[in-house]
Peer 1: 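One structure, as structure tokens, below. Some questions next.
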Amino acid sequence: MSAPALSSSGVPLPRGRGRPAALARAAAGAVPPSGLVVLAILSVQLGAGIAKNLFAALPPSAVVFLRIAASALILGLVARPRLRGLTRRDLAAGLAFGVTLGVMNLSFYEGLARLPMGICVTIEFLGPLGVAVAASRRRLDLLWVVLAAAGIALLAPWNGDSGLDGLGIAFAALAGACWAAYILLSAAVGKRFPGTTGLSFAMIVAVAVSAPAGVAAGGADLLRPELLLLGAGVGLLSSVIPYSLELEALRRMPKRVFGILMSLEPAAAALVGLLVLGEILGLREWAAIGCVVVASVGATRTS
């Protein structure tokens, strides 16, 4: 009897899946790692664009529930979480990771419903930028803090004439804080859970976190086949596909270079918002995005 095929994380694949998985890995290997990161960024933002279009049919919390449920189902099939052998601290770390993941998505989608995509992602990106700056002790990092602050100052509704929703800004900022916590918790969970089972466990917890608001807001519409299909597509584009691409890219490139490329995410969000949603930003908004992107690149290079 032949040995079962293994996924890239070492998880046995169901019979009949080895050849497609091998073909997928071969296809990913043919793409330069920088290309994989760009594809991951575009996948995430395209998923957000489709999700925002869904807001016409479902409230943001219901779309979040569909996205996380689809992601949890797919990841659970690939990397089934195992609780045997885990300590209470391991489980506590996984629970905190899942709660953070759920709150991050709920707050981001609420911000996305009220703000242009590029602006929402730019504000949210202050979370990982803060983590990058905190990891360094160089005086030059003060420049990146000032530059990021300048970008946010350009977006702030000082006189109420910016056209940006204040509650949307607050939700995006909360998503950024959760993103920073997500980065820190992911490192702890990665040490306590084997392979990708920690993320799979966290996704299940995030489903429980998003279910009350999502089910209450979506109601019977959550069972409409076309919405279920779109929700599954958002889950694939926003979680499963980019996570797989990022894992493959990180195997083949330094983490610092990976972080620099990820700094392009706010600009990519603005472009997808323009092309998919028709969201036209003014010069001030593009200048703000540019400030945050440059600050993030600089902080990543010096951290």
Side-chain angles (χ1 to χ4, degrees), residues 9 37 40-41 43-45 47-48 51 60-61 63-65 67-72 74-76 79 81 89-112 120-135 148 170-193 195-210 213-214 234-235 237-247 249-250 255 258-259 261-266 268-269 292 296 299-300 303:
S9 58
V37 177
I41 291 172
S43 180
V44 169
Q45 301 310 327
S61 57
V63 177
V64 171
F65 173 67
R67 169 193 166 171
I68 295 179
S71 301
I74 296 169
L75 284 172
R89 289 187 177 183
D90 296 337
L91 292 174
L95 286 170
F97 193 35
V99 170
T100 299
L101 185 63
V103 175
M104 179 177 70
N105 280 279
L106 285 168
S107 55
F108 174 72
Y109 274 51
E110 291 291 347
L112 190 63
C120 188
V121 173
T122 298
I123 296 173
E124 185 198 27
F125 210 76
L126 294 178
L129 174 58
V131 173
V133 171
F171 274 122
L174 175 59
C178 289
W179 195 353
Y182 172 89
I183 293 171
L184 299 175
L185 286 169
S186 64
V189 169
K191 295 177 181 178
R192 296 175 180 273
F193 287 75
T196 58
T197 58
L199 180 63
S200 181
F201 176 80
M203 278 291 185
I204 295 173
V205 175
V207 171
V209 170
S210 62
V234 170
L237 289 169
S238 300
S239 299
V240 179
I241 291 176
Y243 182 73
S244 301
L245 292 174
E246 288 167 5
L247 276 180
L250 279 168
K255 290 183 179 180
F258 175 85
L261 290 172
M262 289 298 293
S263 301
L264 300 174
E265 194 143 7
V292 173
S296 181
T300 304
S303 63

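One-based numbering along the sequence shown. Because the structure is predicted, anything quoted here is derived from the model rather than measured.
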Peer 1: Starting at CD1 of Ile241, measure out to CD1 of Ile74 and round the result to the nearest 0.5 Å.
Peer 2: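 These two atoms lie 8.5 Å from each other.
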Peer 1: State, to 0.1 Å, how close Gly94 and Phe201 come at their nearest heavy-atom pair, and which atoms those are.
Peer 2: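 Heavy-atom minimum between the residues: C-CE2, 3.5 Å.
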Peer 1: To the nearest 0.5 Å, tell me how far Leu112 CG sits from Glu110 CD.
Peer 2: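 That separation rounds to 10.0 Å.
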Peer 1: Once rounded to the nearest 0.5 Å, what's the spacing between atom CG of Leu184 and atom OG of Ser186?
Peer 2: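 Result: 7.5 Å between the selected atoms.
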Peer 1: Could you pull out the closest heavy-atom pair between Gly102 and Ile68, with the gap in Å?
Peer 2: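 Looks like CA-CD1, 4.3 Å.
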Peer 1: For a 4.5 angstrom cut-off between non-hydrogen side-chain atoms, does Leu199 reach Phe193?
Peer 2: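 A side-chain contact is absent here, since even the closest heavy-atom pair is not under 4.5 Å.
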Peer 1: Under the side-chain contact (heavy atoms from CB on, under 4.5 Å) rule, collect the residues that match up with Val234, sequence neighbours excluded.
Peer 2: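 Val234 satisfies side-chain contact (heavy atoms from CB on, under 4.5 Å) with Ile50, Ala51, Leu54, Arg67, Tyr109, Ser238 once adjacent residues are dropped.
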Peer 1: Closest heavy-atom contact between Leu245 and Ala40?
Peer 2: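 For Leu245 and Ala40, the tightest heavy-atom pair comes out as CD1-N, 3.8 Å.
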Peer 1: Checking Ser239 against Met203 for the side-chain contact (heavy atoms from CB on, under 4.5 Å) test, could you report, in this order, the C-alpha distance in whole Å, the side-chain angles of both residues, the deciding distance, and whether it holds?
Peer 2: CA-CA 10 Å; Ser239 299; Met203 278 291 185; 3.9 Å; yes
Peer 1: Has the side chain of Thr100 got a donor or acceptor atom that lies under 3.5 Å from a matching backbone atom of Cys178?
Peer 2: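 Checking the backbone N and O of Cys178 against the side chain of Thr100, no donor-acceptor pair under 3.5 Å is found.
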Peer 1: Please report the shortest heavy-atom distance between Ala69 and Val207, naming the atom on each side.
Peer 2: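 Scanning both residues, the minimum pair turns out to be CA-CG2, 3.8 Å.
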Peer 1: With Ser107, which residues qualify under side-chain contact (heavy atoms from CB on, under 4.5 Å), at least two apart?
Peer 2: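 Ser107: side-chain contact (heavy atoms from CB on, under 4.5 Å) contacts with Phe171, Leu174, Ala175.
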Peer 1: Can you name the closest pair of heavy atoms from Val240 and Ser71 and give their distance?
Peer 2: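 Looking at all heavy atoms of both residues, the shortest contact is CG2-CA, 4.3 Å.
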Peer 1: Begin from the C-alpha positions of Val121 and Phe108 and carry the test side-chain contact (heavy atoms from CB on, under 4.5 Å) through to its verdict.
Peer 2: CA-CA 8 Å; Val121 173; Phe108 174 72; 3.9 Å; yes
Peer 1: Under 3.5 Å, side chain of Ser296 to main-chain N/O of Val292, donor-acceptor pair present?
Peer 2: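 No.
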Peer 1: Can you name the nearest heavy-atom pair linking Gly47 to Leu237, along with the distance?
Peer 2: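 The answer is CA-CB, 3.8 Å.
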Peer 1: Just do the side-chain contact (heavy atoms from CB on, under 4.5 Å) check on Phe97 and Leu101 with the steps written out, would you?
Peer 2: CA-CA 6 Å; Phe97 193 35; Leu101 185 63; 5.6 Å; no
Peer 1: CD of Glu246 to CD1 of Ile41: how many Å apart, nearest 0.5 Å?
Peer 2: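 Interatomic distance, Glu246 CD to Ile41 CD1, rounded to 0.5 Å: 8.0 Å.
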Peer 1: Out of Val64, Val209, Val63, which residue meets the side chain to side chain contact (heavy atoms under 4.5 Å, CB included) rule with Asn105?
Peer 2: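 Option passing the side chain to side chain contact (heavy atoms under 4.5 Å, CB included) with Asn105: Val64.
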